[in-house]
Amino acid sequence: HVLLNFAYYKMSSSDSGHRKGPSAKDNPNYDLCEFLMELSAYERNVTRNTFKSNAYRSAASSLAAYPTRVTGAKEASSIKGIGKRISEKIEEFLSTGKLKKLEKIRTDDTSTALTELTRVSGVGPAKARQLYDAGITNIMELKKRTELLTHHQLIGLKYVEDFEKKIPRAEVQTIERAIRGSLSNMKQQYNMTVCGSYRRGSERSGDVDVLLTYDNVEVERKTVKLEESSSSLTKETNAKNEVAKKRKDISDGSSDEENHNKDNINTKKNRKLKADQKYTTSSPSGSSSDNKSYATNESSSPSANKESASKTNHRAMLQSVVHQLQKDNIVTDQLSLGDTKFMGVCRVPPEECYRRLDIRLLAPEHYYCGILYFTGSDLFNKDMRTQALAAGFTLNEYNIRPMGSTGVPGEPLHVNSELEVFDYIGMKYKQPSERNM
DNA sequence: CATCTGA
DNA sequence: CAGATG
């Protein structure tokens, strides 16, 4: 049941650049991985055969993990994920420096058109096909037919080139400072951490991934420099001397001592109430909504479902954050904006390029698992999750829960730093820069 | 997985 | 609501 992220095909935003992936510049089968990925893209975009596409990608991953240069079909097919047909292609590529099928694909009109159209954010295989059928074969032509595009796609088109450029670390830092400055002027204060490959120290990023949570979280005081450069980044906590409660006393999932944070924390989890949605638009009774802070606290109506309330407040908070950023000319466009995630575009003046910016607003109790998760890398996360499982926990982007022997997860454990999560599962703490797997 | 879109 | 997208 662990997630199989076959989802992202357009290069996972934040990292791609200089990191691992099916084609780390240094692996002995680099070229082979490359052509397999090209075939994967072809099956995905052109033939829309996800099985084949996934098969190629999977083969590429296996190959990327293979320690030595593959020498022939037989050796290739011995590798997990590589079967007869793919190994034959590898053979062909090994002997003749090329691949018939690939050459043909490279010149095929339909194929090149779809690949081109797909460069636009918001345009995937399906839309590309549709546009192609409408006679559009490249971006220039697409610019003449903007009536066929959604808002997201229009923006994607507007910034195609910029979005393909990597963002230098220094610029991410500039953007980070700008956002911090802007948000510091709001009544509601936020804790912020820029995650993604940037946090892991990479020199170039695909986009800027910001995580926010509203106040409390006993973060303020303990500002430890567990981070690489003591500078900015998050006001990481961790300082906690008595750091984590031991893994043992966890099991009982008992309530606990120290975290009696400030007011606005949503203390108790409540069962989902599908009815929620209906109420999203309004808090009927003007119920003291007066107070300017969005912090969700004083629940006027006890039985009323707090979930829907906190949900709408969440949306309102995220909205106000975005508005603030727009006001300060940092955010220039919006791709989407929901209860927890904003996707858009930003630019910080001296810079000419427009950059992709994602902002997610997390409940305080989800903050650290969120930071951990969104810092990645994907492989690191996967590894940590399996280690968690082995240690009897289940870990996701929101929380860590003890695994009952029955198989069902218990109540979320309290977490006040990334370190605590590592402690729970008995794992040595890893600096973000050590998570580049 | 969260959000948007169109039917 | 399903399908598309990131």
Side-chain angles (χ1 to χ4, degrees), chain A residues 1-16 21 41 44-46 48-50 53-54 57 114-115 117-134 142 146-160 162-164 167 195-197 205-212 272 274 276-278 280 307 310-312 314-319 321-322 331 333-346 354-363 366 369-376 378 381-382 385 394-399:
Chain A
H1 40 305
V2 192
L3 42 174
L4 307 172
N5 327 18
F6 275 127
Y8 296 175
Y9 49 83
K10 267 190 184 176
M11 248 352 185
S12 191
S13 53
S14 35
D15 332 71
S16 26
R44 169 213 315 144
N45 296 162
V46 185
R48 305 294 303 286
N49 187 323
T50 56
S53 176
N54 287 165
R57 125 169 310 169
L114 297 184
T115 300
L117 263 10
T118 253
R119 290 172 50 202
V120 177
S121 178
V123 175
K127 183 70 178 191
R129 216 348 166 318
Q130 181 183 319
L131 293 171
Y132 179 74
D133 290 342
L142 184 55
T146 57
E147 357 85 50
L148 299 176
L149 304 177
T150 64
H151 175 68
H152 179 157
Q153 290 158 172
L154 280 173
I155 291 172
L157 178 58
K158 181 174 170 189
Y159 303 117
V160 241
D162 279 358
F163 288 177
E164 286 175 337
I167 312 173
C195 300
S197 59
S205 303
D207 64 5
V208 179
D209 198 355
V210 174
L211 264 64
L212 297 177
K272 304 278 182 183
K274 14 217 154 181
D276 284 352
Q277 317 182 333
K278 304 178 182 176
T280 55
E307 275 205 0
S310 71
K311 202 173 182 184
T312 69
H314 235 237
R315 178 186 290 264
M317 274 193 280
L318 186 50
Q319 253 165 11
V321 163
V322 172
V331 164
D333 302 83
Q334 180 171 313
L335 260 24
S336 66
L337 174 58
D339 290 333
T340 62
K341 186 173 75 172
F342 160 80
M343 289 176 60
V345 187
C346 72
Y354 287 80
R355 310 300 199 176
R356 278 280 295 102
L357 170 67
D358 285 355
I359 300 176
R360 7 192 43 120
L361 181 60
L362 280 54
H366 294 160
C369 284
I371 283 179
L372 184 57
Y373 178 77
F374 290 108
T375 294
D378 292 348
N381 285 165
K382 188 179 177 184
R385 288 183 182 205
T394 174
L395 173 65
N396 64 196
E397 44 279 63
Y398 303 112
N399 43 48

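A note on names: the letters A, B, ... follow the listed sequences, proteins ahead of strands, and every chain is numbered from 1.
- For M343(A), the side-chain atoms get nearest to dG6(C) when compared with the rest of dG6(C), dT3(B), dA4(C).
- Qualifying side-chain contact (heavy atoms from CB on, under 4.5 Å) partners for Q334(A), counting only residues two or more places apart in sequence or in other chains: V322(A), Q326(A), L337(A), F342(A).
- When distances run from any side-chain atom of D339(A) to the nucleotides dC1(B), dT3(B), dA4(C), the shortest one goes to dT3(B).
- Taking the side-chain contact (heavy atoms from CB on, under 4.5 Å) definition, one finds that N396(A) meets it with R385(A), Y398(A), N399(A), R401(A), sequence neighbours left out.
- Side-chain proximity of A126(A) to dG6(C), dC1(B), dT5(C): nearest is dT5(C).
- Spacing between atom NE2 of H314(A) and atom C1' of dT3(B) amounts to 16 Å, rounded to whole angstrom units.
- Looking at residues two or more places apart in sequence or on another chain, you find a side-chain hydrogen bond (donor to acceptor under 3.5 Å, both in side chains) between D333(A) and K158(A), Y159(A).
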List, one per line, each side-chain donor-acceptor pair under 3.5 Å for residues 122-131 of chain A, sequence neighbours excluded.
{"residue": "K127(A)", "atom": "NZ", "partner": "L148(A)", "partner atom": "O", "Å": "2.6"}
{"residue": "R129(A)", "atom": "NH1", "partner": "V46(A)", "partner atom": "O", "Å": "3.1"}

Find every protein N or O atom lying less than 3.5 Å from an N or O atom of nucleotides 4-7 of chain B, and list the pairs.
{"residue": "dC4(B)", "atom": "OP1", "partner": "L337(A)", "partner atom": "N", "Å": "2.9"}
{"residue": "dC4(B)", "atom": "OP1", "partner": "L337(A)", "partner atom": "O", "Å": "3.3"}

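- With rounding to whole Å, R129(A) atom CZ is found 13 Å from dA4(C) atom P.
- A salt bridge does not link D162(A) with R356(A): none of the charged nitrogens is closer than 4.0 Å to a carboxylate oxygen.
- S336(A) meets the side-chain contact (heavy atoms from CB on, under 4.5 Å) test with M343(A); sequence neighbours excluded.
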